[in-house]
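Step one of this worksheet: look at the structure below.
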Amino acid sequence: LNAGLAPANFALEASDAEREELYAVNCIGPSALAVTAVDQMIQGRAGGLVVGISSIAEIVTFPGSSGDYGAAKAGLTRKLCGLQVTAAPH
């Protein structure tokens with residue numbers, strides 16, 4: 001899974017709607033896709049693998065960044081880790 005939206009000059013100039021879109025693209029959408037995929041794997045008893053691609057920005061905030069992109073990517077990573085723990089017994 002990978003999705004990315006990181007507009008330039010986002011730190012101070014972004015509207016609430018732009019921030020919501022950033023979180024939707026970078027975290028919420030990929031999280032929903034991963035949940036659906038894992039559910040299908042469990043229900044089908046076929047196993048499988050979800051690979052999530054995040055960003056170094058979840059650890060390091062770069063100059064000019066609002067931190068929102070990194071926060072969204074960190075949220076996706078944590079969600080995928082949670083799915084891993086939840087799906088492991090299956």
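If you read the sequence from its start, that first residue is 1, and numbering goes on from there.
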Fill in the blank from the handout: Besides I59, the hydrophobic cluster formed by Ile, Leu, Val, Met, Phe, Trp and Tyr side chains linked at under 4.5 Å, directly or via other members, contains I56, V60, F62
Exercise for the section: Considering non-hydrogen atoms only, spot the tightest contact between C27 and A72 and give its length. Expected result: CB-O, 3.4 Å
Exercise for the section: Considering non-hydrogen atoms only, spot the tightest contact between K73 and N26 and give its length. Expected result: CE-OD1, 3.7 Å
Exercise for the section: State, to 0.1 Å, how close G52 and L80 come at their nearest heavy-atom pair, and which atoms those are. Expected result: CA-CD1, 3.6 Å
Handout entry: Residue pair E58, S55: steps toward the side-chain contact (heavy atoms from CB on, under 4.5 Å) verdict
Key = CA-CA 6 Å; E58 74 177 65; S55 171; 5.7 Å; no
Fill in the blank from the handout: Residues V50 and M41: closest non-hydrogen pair is CG2-CE, 3.5 Å
Practice task
Would you mind telling me which of S54, C81, S31 makes a side chain to side chain contact (heavy atoms under 4.5 Å, CB included) with L76?
Solution key: S31
Handout entry: Full working for side-chain contact (heavy atoms from CB on, under 4.5 Å) between V35 and K79
Key = CA-CA 9 Å; V35 167; K79 178 64 175 184; 3.6 Å; yes
Donor-acceptor contacts under 3.5 Å from residues 17-24 side chains, at least two apart:
{"residue": "E18", "atom": "OE1", "partner": "S15", "partner atom": "N", "Å": "2.7"}
{"residue": "E18", "atom": "OE1", "partner": "S15", "partner atom": "OG", "Å": "3.4"}
{"residue": "R19", "atom": "NH1", "partner": "D68", "partner atom": "OD2", "Å": "2.3"}
{"residue": "R19", "atom": "NH2", "partner": "A11", "partner atom": "O", "Å": "3.2"}
{"residue": "Y23", "atom": "OH", "partner": "D68", "partner atom": "OD1", "Å": "3.0"}

